[in-house]
Amino acid sequence: MSRHVLVTGGAGFIGGHVAEAYRARGDRVWVVDDLSTGRRANVPPGVEFIQLDIGDPALDRLFHDVRFDLVNHHAAQIDVRRSVADPRLDARINIDGFLNVAECALRHGVRRFVFVSSGGVVYGEPERRPTPETEPKAPLSPYGVTKLATEQYLFYYNRIRGLDYVALRYSNVYGPRQDPHGEAGVVAIFASRLVERQALTIYGDGEQTRDYVYVGDVVRANLAASDATLPEPVTLDDRAFNVGTGSATSVNMLATEIARAADRDVDRSHAAERPGELRDSCLDCGKAARLLRWSAATPLHEGLDTTYRFIAREEENR
């Protein structure tokens, strides 16, 4: 049955892919995005677009008029360094903005709320890697604090006010449409610099590791989270699911793999480590496999090939 779906942040890199997937399977889809970092071009055809800040009280009128069945909340301030420099801005968007969306969802009978959290930051520097959902939470940046706090709000909303929800703790997502000139991840930045035949800047020694997951796999996780029948949560982690590959890749290795995808040699330069960024992150996604019937399916080399080709075409057309 077709549902009414709202994707906040749906003009962003990941949100646009998610909105497209809902539309492709027959849902009616609305996107709310203020375009502060998103791009209108990322909103797929056939989707209703509303340019609006998620903290705007006018959002309530949209909920009243449409009566959404599902909210997928991607809108966020996502830059760790920016959160360190301006924690109040980070909280205004990631806490206050979320609360406005969540209260609208409660007032107007939303059946499920899918929230994008971050497995790359809520655990801090965990002892176990790959890291399961039950690992102690110790975020080391304001961005991580707001993501964890939002999960705690959702747990409260569920237990006290009955809001059904799922939190997806993403690892490092990459893929086509990631903007190397905006708040991009390292994959898009490296790919762009290779197209321009510039050296790759590596912060620190380059041996820090991340779990790189392809955007197409992340989209499938969102669809699974939207549909799965799940038991009522008893603890915070019961409705949280890691979304990654379970494999760690160093920045140095990533540079080598992207150079392979580009079929060219690459110069590298090193700069000082950046404050607030983690040393190592890799997620155990066994719980998503068991309860959501989801696992990442795209090998890193395949995803990098596709991503590099896309960014190369975009850069050549700029």
Side-chain angles (χ1 to χ4, degrees), residues 1 3 5 7 9-10 12-27 29 69-74 76 111-123 126 128-135 147 150-151 154-155 158 164-178 185 187 210-233 235-249 281-304 306-307:
M1 179 180 296
R3 296 173 299 182
V5 178
V7 181
F13 154 52
I14 305 172
H17 281 284
V18 170
E20 184 176 50
Y22 285 128
R23 181 72 182 89
R25 71 177 191 177
D27 292 326
V29 182
D69 302 298
L70 171 71
V71 171
N72 185 297
H73 186 54
H74 270 76
R111 296 177 185 176
R112 174 160 287 182
F113 195 108
V114 177
F115 169 64
V116 177
S117 187
S118 174
V121 296
V122 297
Y123 305 114
R128 287 191 289 176
R129 289 189 299 271
T131 305
E133 288 86 354
T134 53
E135 189 75 359
K147 287 296 186 182
T150 302
E151 287 194 40
L154 283 167
F155 182 73
N158 175 268
D164 187 52
Y165 80 97
V166 177
L168 299 178
R169 295 175 182 165
Y170 289 177
S171 62
N172 287 62
V173 186
Y174 72 97
R177 302 183 199 163
Q178 193 167 28
V187 171
R210 296 291 184 268
D211 183 341
Y212 296 100
V213 61
Y214 186 66
V215 68
D217 291 325
V218 172
V219 168
R220 291 191 299 105
N222 277 270
L223 297 182
S226 301
D227 297 338
T229 300
L230 299 169
E232 286 298 311
T235 71
L236 182 70
D237 297 320
D238 289 345
R239 283 294 183 92
F241 294 88
N242 288 337
V243 177
T245 68
S247 297
T249 302
S281 177
C282 180
L283 302 182
D284 181 340
C285 301
K287 181 182 172 188
R290 293 191 305 274
L291 297 183
L292 300 182
R293 301 292 188 266
W294 174 89
S295 61
T298 307
L300 182 63
H301 71 273
E302 180 180 314
L304 290 178
T306 302
T307 304

Check side chain to side chain contact (heavy atoms under 4.5 Å, CB included) between [X] and all other residues, then give those that pass, not counting sequence neighbours.
X	answer
T249	Y212, M253, L254, L300
A288	F241, L292, W294
R177	F13, H17, E20, N42, F310
R25	R3, Y22, D27, L223, S226, D227

Side chain to side chain donor-acceptor pair (under 3.5 Å) involving [X] - partner list, sequence neighbours excluded:
X	answer
S295	none
Y165	none
D238	T235
T229	none

Among residues at least two apart in sequence or on other chains, which ones pass salt bridge (charged side-chain N to carboxylate O under 4.0 Å, His left out) with R239?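 Scan of R239 (salt bridge (charged side-chain N to carboxylate O under 4.0 Å, His left out), adjacent residues dropped) gives D164.
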
Run the salt bridge (charged side-chain N to carboxylate O under 4.0 Å, His left out) test against D284 and tell me which residues pass, sequence neighbours left out.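 Counting only residues at least two positions away or on another chain, D284 forms no salt bridge (charged side-chain N to carboxylate O under 4.0 Å, His left out).
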
Would you confirm whether D211, through its side chain, and S281, through its main-chain N or O, come within 3.5 Å as a donor-acceptor pair?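 The answer is no, because no donor-acceptor pair under 3.5 Å joins these two groups.
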
With sequence neighbours excluded, tell me which residues meet ring pair (Phe, Tyr, Trp, His ring centres under 6.0 Å) with Y170.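 Testing Y170 for ring pair (Phe, Tyr, Trp, His ring centres under 6.0 Å), a comparison that skips the adjacent residues, returns H74.
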
Stepwise side chain to side chain contact (heavy atoms under 4.5 Å, CB included) test for L283 and V243: CA-CA 7 Å; L283 302 182; V243 177; 5.9 Å; no

